[in-house]
Amino acid sequence: MKDQKKAKWVLGTSGVVLSALLLTQMNDGSQSETNNNQLTAAQEKQMSKKERELVKLDWTNFEIESVEKKPVHSDRKTRRS
């Protein structure tokens, strides 16, 4: 095989492997719900009442709010300004 063909094969197979790894890491909503609901009795004994209440809540649409950052003003000027 020529070097260019080998390079194409290597890039193609690595792309397929990377895609497969990414797809296996993604979770469905149904899978995450079943994993959260499967607490053992020992885990429940160690949890406080507040922790039990928090576990029972629906966390599927949980988003962390981002803090607005102020733009940084620079004293440097571009060639056009």
Side-chain angles (χ1 to χ4, degrees):
M1 276 184 146
K2 293 182 181 179
D3 289 337
Q4 287 184 340
K5 279 193 172 185
K6 285 184 183 179
K8 287 180 183 178
W9 275 96
V10 169
L11 285 175
T13 54
S14 62
V16 169
V17 169
L18 181 64
S19 302
L21 289 173
L22 289 174
L23 288 173
T24 57
Q25 295 301 317
M26 290 184 188
N27 288 335
D28 292 357
S30 60
Q31 287 179 347
S32 62
E33 288 176 14
T34 56
N35 290 340
N36 288 339
N37 293 334
Q38 295 175 348
L39 293 175
T40 62
Q43 288 175 334
E44 287 184 14
K45 285 181 182 178
Q46 293 175 351
M47 296 168 71
S48 67
K49 289 181 182 180
K50 183 68 176 177
E51 287 175 330
R52 288 184 199 134
E53 290 174 9
L54 291 174
V55 168
K56 289 179 184 178
L57 294 176
D58 182 23
W59 293 96
T60 54
N61 293 330
F62 180 73
E63 293 181 12
I64 299 174
E65 295 181 19
S66 62
V67 178
E68 293 183 26
K69 295 182 179 179
K70 295 180 181 177
V72 178
H73 295 287
S74 175
D75 58 345
R76 296 184 182 186
K77 295 186 177 185
T78 62
R79 206 189 297 178
R80 293 183 181 175
S81 60

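Since we're looking at a predicted model, the values are computed, not measured.
- Clustering of Ile, Leu, Val, Met, Phe, Trp and Tyr by side-chain heavy atoms under 4.5 Å joins V10 with none of the others.
- Heavy-atom minimum distance, Q46 versus E51: O-OE1, 4.2 Å.
- Interatomic distance, T13 OG1 to L18 CG, rounded to the nearest 0.5 Å: 11.5 Å.
- Closest approach of M47 and R52 over heavy atoms only: O-NH2, 3.1 Å.
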